[in-house]
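Residue numbers begin at 1 in each chain, while the letters A, B, ... track the order of the sequences.
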2 protein chains.
Amino acid sequence: MGLVVQKYGGSSVADAEGIKRVAKRIVEAKKNGHQVVVVVSAMGDTTDELIDLAEQVSPMPAGREFDMLLTAGERISMALLAMAIKNLGHEAQSFTGSQAGVITDSVHNKARIIDVTPGRIRVALDEGNIAIVAGFQGVSQDKKDITTLGRGGSDTTAVALAAALDAEVCEIYTDVDGVFTADPRVVKKAKKIDWISFEDMLELAASGSKVLLHRCVEYARRYNIPIHVRSSFSGLQGTWVSNEPTGDKVEQAIISGVAHDTSEAKITVVGVPDKPGEAAAIFRAVADAEINIDMIVQNVSAASTGLTDISFTLPKAEGRKAIDALEKAKGSIGFDSLRYDDQIGKISLVGAGMKTNPGVTADFFRALSDAGVNIELISTSEIRISVVTRADDVNEAVRAVHSAFGLDSDSDEAVVYGGTGR
Amino acid sequence: MGLVVQKYGGSSVADAEGIKRVAKRIVEAKKNGHQVVVVVSAMGDTTDELIDLAEQVSPMPAGREFDMLLTAGERISMALLAMAIKNLGHEAQSFTGSQAGVITDSVHNKARIIDVTPGRIRVALDEGNIAIVAGFQGVSQDKKDITTLGRGGSDTTAVALAAALDAEVCEIYTDVDGVFTADPRVVKKAKKIDWISFEDMLELAASGSKVLLHRCVEYARRYNIPIHVRSSFSGLQGTWVSNEPTGDKVEQAIISGVAHDTSEAKITVVGVPDKPGEAAAIFRAVADAEINIDMIVQNVSAASTGLTDISFTLPKAEGRKAIDALEKAKGSIGFDSLRYDDQIGKISLVGAGMKTNPGVTADFFRALSDAGVNIELISTSEIRISVVTRADDVNEAVRAVHSAFGLDSDSDEAVVYGGTGR
């Protein structure tokens, strides 16, 4: 009966009814004997409305002021939530990120937490209060300016507070029941995962699963804070993310799930001289434009020309910037042309069991082949295989792989490995 | 070309267009060589919308959380205003009340400013920035909690900052052209006042004029900060409020204006024993309920019964509370009954010239009498006469008095005094 950090997203507190519902759930945890710290996002569409206002007054809103603006959203939801809890007869106090001791660097709009000093939260808890903390925001160490943490920042706030307060668990409440073996909108037979390791969750998050962001899971793994992802609309158990399996029945699955991602594009640099330093020059140009790339593949050089092609994937949103950066560096790098393709998708199979089960890769390719899906790029890690296909093939590919690995919910059989090389 | 504090109300920044218009005006002041500090209210109806949300989650929103909620409003307007100014090519930084050093007591929802330590504002100005400060809010000295200053709090923020920064002037931008000799909605011939003394402005504010609140004028008088009330929609000069007349042509008028107020009610305590301590007991009971009363009158005691009646006026909103407090104390005070009347209105004539011009009072009563208006209560100060009448008579009474004292705009004549006793 220790300390619990609960995080509620914008869809859980979209209106007054949602806030009252969430307040009841928080009070239940308190009644069960827990000390409760709640991290809350802005209500429903508030953030989008504020962004819209900003764009009306300025085409390029400045970082510092943009953060000041956006943090109004959590201020509203947290104050309302504290009021709703008080109305149920329990004591609650709300705290801004700054008041809660969330110290960040000074990179506005995507600041990183560098320290958490939750002295006021401790005092509030010791006095018997429920503490409500604004997600997504902090205060910069050097200038004492208000900062925001960027996309998924509220989850990171929750995990960081849980770590600083040595919480038993960080509960992430959302509008889905947990983490699934595949996106249930694509795979009807996708199953909720009861437990998943930090490592597998990190790979799923990096491969397109949207339930938890990579950064939040990374933080939880570093401080060994168990995360419980669950629905704020039901009382069901969700998905536990931790180092060790929780519960009696839970065993580590060979395959955790299938993720997909259609937010990337592919750029192919055609006719690159096959000599040392060429690839480095290309990726230096892209990195200097502050673009994160994902997969890379270099074709075998054609002996006759001494030229090769290099392809890589990157977020579609950064496609224009990458093309511009490469065109600018064309003279010094020396290549023929660029090809841009945003009709691609990525399918990833994730599971720590791959390490000890040769044959997973072969089965993966077989499933894709049986489904008539053509593979354009391949990349692997110790516990993940990813392929790039045509965007149109992605949904079919995900379903085929999900089924082939016995993940469909009406099947109790899991695939047994012992086979022929991975 | 010193430091100017400008304050813009909610109607001036009601939407993105309003914010852009205000930004242009601020930049003009900066271009004219001023250092500029801007205090801004929440956009248009934002505060009402937030109050509505609060009432949906809790019938009695708590003080601390209610303040946390409401301060989100200024956070939005100030950030947007800073963005709009930057978009015009000038540097601007926004600051919360706390960041601006507005230190208050801990009385949530109606905190009082006890100190202003604008260190960060000074730095921002010295670096060439325009400083945008959230009105209406501060931080409590003891608990470091967010507080709000109550109604008209943004004007007080502006004057307090002007005092702390030793500003040349505090400009209050609003949706009217300045302070008028009467409410222009009631008196079509009301004239804009070019200059008015702090004292007369204090009496007008206390008597129902809504343009500036008493508390803000009181603060300005104490620190001798000239206030310039003007429209944010036009470039016209407004009304100067200060110790000494400004400009060549301006002279102190004998009568500054006529104010009226229909927000009060009258309570009559009937059958009070006419002995020492009775009135004190009545007003102690009312004061203990934290009710501010305005006018008081005690009738001459009827010799036959030794009983008298005591009447007083108070805000209508507090009528119920006062009746309850008096009923509760009925046994110990000893009176017959209570009468409650909320169909009253108050008309006040204000002007420092009264002190040296006997006859003003007589002319005032003559004007009311000629208009057929019956007087129920009278109270006076050195520079003000107020009467209570039927609510239905108020508009007619205001017009009659305004005209009788030569305040109508098509008349250049002022009334000359030299007459027979006041």
Pick one of side chain, backbone, both or neither for [X], based on which atoms fall under 4.5 Å of a heavy atom in chain A.
X	value
B:Leu53	both
B:Ala23	neither
B:Thr96	both
B:Gln93	both

At what distance, to the nearest 0.5 angstrom, does CD of B:Gln137 lie from OG of B:Ser154? 8.5 Å
Stacked cation flag A:Arg25 on A:Tyr8, 6.0 angstrom / 45 deg: no
Using a 3.5 Å distance criterion without hydrogens, assess whether the side chain of A:Asp155 forms a donor-acceptor pair with backbone atoms of A:Cys216. no
Give every residue pair that meets the side chain to side chain donor-acceptor pair (under 3.5 Å) criterion with at least one member in residues 141-151 of chain B, sequence neighbours excluded. A:Arg120-B:Asp145, B:Arg64-B:Asp145, B:Asp67-B:Thr148, B:Thr104-B:Thr147, B:Ser106-B:Asp142
Would you say B:Lys321 has more than 12 foreign heavy atoms packed within less than 6.0 Å of its NZ? yes
At a 4.5 Å cut-off on heavy atoms, which part of A:Leu80 comes close to chain B: side chain, backbone, both, or neither? both
Heavy-atom distance under 4.5 Å to chain B: side chain of A:Ser77, backbone, both or neither? neither
